[in-house]
Amino acid sequence: MKSHELKIYNSLTRQKEIFKPLQEGHIGLYVCGPTVYNNVHLGNCRTFVNFDLIYRYLLHLGYKVRYVRNITDAGHLVGDVDEGAEDKIGRMARLEQIEPMEIVQRYTLDFKDKMQKLNTLAPSIEPTATGHIVEQIEMVQEILDKGFAYERNGSVYFKTVEFAQKYPYYGQLSGKKLEDLLETTRELNKQDEKDHPADFALWVKAPKEHLMRWNSPWGEGFPGWHLECSVMSTKYLGEKFDIHGGGMDLQFPHHENEIAQNVGCCGVAPVQYWMHANMLNMNGQKMSKSLGNSVEPDELFNGTNKLLSKAYSPMIVRFLFLQSHYRSVSDLSDSALLAAEKGYRRLMEANRNLEALHAGGSSSGEHDKHIRHLIKEAFAHMDDDFNAPRALASLFELATEINKMKSGDIDLKHISGDTMESLKNTYHAFIFDIFGLKDETHGGGGNGEAGVVDGLMDLVIALRAKARDNKDWGTSDQIRDTLQKLQIQLKDGKDGTSWTRQ
RNA sequence: GGUCGGUUGGCCGAGUGGCUUAGGCACUGGUCUGCAAAACCAGGUACAGCGGUUCGAAUCCGCUACCGACCUCCA
């Protein structure tokens, strides 16, 4: 365990707090995952990359983390329960005339594919709502037993108002007052069977045409959307656990209701630190199909969208996400992606330059001190509510130092071996372990071909060097131009030629 | 309408009371180079508007304008 003082912004208290796990050295982390009724939304990707960063940093600090991220494959409705709401997955299944579980399978695979491309670590557990119907029914029963729910025509609703009167919790997370909620909620319409508009469904009676249905003590139905997270976090992380995350838009009502369910069932507030990741815009506006500024992850990776001038690899997208803080709105645009690509390449280049450097002397001068300071600073920024953009800025300042060492502007004699080693460790840890980036500017595209490509390139570069020694510019340029067409760029420097993929 | 958040230089994006030159991209100058590209080094521009608190505010308070989120099960 590293001795860091980690601060986390807690949505519940609206301030940064020093992080203390419930159990020394262990962390329970729950993140609300996707509803698999469609290709994963790019904004959703940002949220999961942000929590991947958080997960990775906690691991880096030496914590044992149990990271649970659910997959919602039932219960998430389109429209309003009272007006013939339809399950999102059931709806897609009906439209495409296939089984709901085919929808679930298709989009779960899509989701995992994108998560893998973005180099996120797999969670420890990825439970599904349909895999926990029994547990959900049990929790509904417990809440009924505690008196915080009522059955009505085969559905079960949570008594929000009574709950709010007994416990001080309701509205705390989202900063809402129940009176305001009641005031602004629509008039009760005649079909509404709930006692209060703020009551929400724990179990919903399935209409005749509803595809996804299970038996329960209250008849055939399906679980309310908020319930699965309460059930699965409790089952895998306990009644109280450390961190619960999700997108900002889940804060209300999803997370607020989740707390109510947990407290109503178990009598304790479930979460120590609530964390919410902010939204992703496209060209300054919310990404939406109606605005015509929607971009799918695949379109981004393939460059098949009108709003983009070219394809951007997943690592560039990940880098872009790292450049803004998780609690800030981030704006995606073609120019932002182009800028991210350049920045990403500069960072990777600096890292390769660093790897080729060898530790210098014993004396330590001004630059040695500066480098040590920047290293310390980079970690301090991560400790301050996972401030990746600031940590990244420190790495870029170190990049300048690295490049100066390479060019000889900084004499390696004035850099101690310890500092050099610490610098290499820091760079490696940040880029690959914490930021979760991969160097796509070199190598053979996986499959263990990197070594072969490197060897071939060494050969080609050596042959070209020979031609250049003979002033055979024709051959030299032929090699350079042919490689360029293969997206490989040769870079003639003072101390030989290097190359990168474009 | 209610609640909450935001408005930083050409663009993106950090920063919450006094030096942060934040950083990235773009731009300009230079270095390197057979030519070129790339790379590297160096440099400038900002804190929505008005008023207040303070010795001192991008940072705190108030008002105005604009943008956004949630409230209506899009992360």
Partners meeting salt bridge (Lys or Arg N to Asp or Glu O under 4.0 Å) with K310(A) (sequence neighbours left out):
E341(A)
For M279(A) and for R345(A), locate the closest nucleotide of RNA chain B by heavy-atom distance; then report the residue assigned to the nucleotide nearer the 5' terminus.
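Taking each residue's closest nucleotide, the earlier one in sequence belongs to R345(A).
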Of N353(A) and D492(A), the one whose nearest nucleotide on RNA chain B sits closer to the 5' end is D492(A)
Can you tell me the pairing partner of [N] across any strand shown, Watson-Crick or G-U wobble, with both distances under 3.5 angstrom?
N       : result
rG34(B) : none
rG56(B) : none
rC66(B) : rG6(B)

H226(A) and N257(A): side chain donor to acceptor below 3.5 Å
yes
base_contact_polar (rG6(B) base, S328(A) side chain, donor-acceptor, <3.5 Å)
no
Ignoring hydrogens and geometry beyond distance, is the side chain of K406(A) in donor-acceptor contact with the base of rC40(B) at under 3.5 Å?
no
Given [options], which nucleotide is nearest the side-chain atoms of [X]?
X       : options                   : answer
D331(A) : rC25(B), rA37(B), rC12(B) : rC12(B)
H325(A) : rA14(B), rA42(B), rU21(B) : rA14(B)
H226(A) : rU21(B), rC73(B), rC25(B) : rC73(B)
L280(A) : rG15(B), rC35(B), rA75(B) : rA75(B)
Q323(A) : rG23(B), rC70(B), rG34(B) : rG23(B)
K88(A)  : rC73(B), rA42(B), rC11(B) : rC73(B)
R468(A) : rC74(B), rC35(B), rG13(B) : rC35(B)
Y37(A)  : rG23(B), rA75(B), rG34(B) : rA75(B)
R390(A) : rA39(B), rG15(B), rG23(B) : rG15(B)
F252(A) : rC70(B), rG23(B), rA75(B) : rC70(B)

Side-chain N or O of K404(A) versus OP1/OP2 of rA42(B): is the shortest distance under 4.0 Å?
yes
Between F386(A) and Y326(A), how do the two ring planes meet: parallel, tilted or perpendicular, split at 30° and 60°?
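Plane angle over 60°, so perpendicular.
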Can you tell me how the ring of Y169(A) sits relative to the ring of F163(A), calling it parallel under 30°, perpendicular over 60° and tilted otherwise?
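Parallel.
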How far does the [atom1] atom of [N] sit from the matching atom of [M], given to the nearest Å?
N       : M       : atom1 : value
rG10(B) : rG2(B)  : P     : 35 Å
rU64(B) : rU72(B) : C1'   : 30 Å
rU31(B) : rG68(B) : P     : 48 Å
rC12(B) : rA46(B) : C1'   : 14 Å
rU8(B)  : rA14(B) : P     : 11 Å
rU53(B) : rG13(B) : P     : 35 Å
rC19(B) : rG62(B) : C1'   : 30 Å
rG5(B)  : rC41(B) : C1'   : 41 Å

Do W473(A) and the base of rG34(B) stack face to face, with centres under 5.5 Å apart and an angle between planes under 30°?
yes
Apply the side chain to side chain donor-acceptor pair (under 3.5 Å) test between R327(A) and each candidate in N278(A), N387(A), N50(A), D385(A); give the one that qualifies.
D385(A)
Answer yes or no on whether R346(A) is positioned over the face of F396(A), meaning its NZ or CZ is under 6.0 Å from the six-membered ring centre and within 45° of the axis.
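The answer is no, since R346(A) fails at least one limit relative to F396(A).
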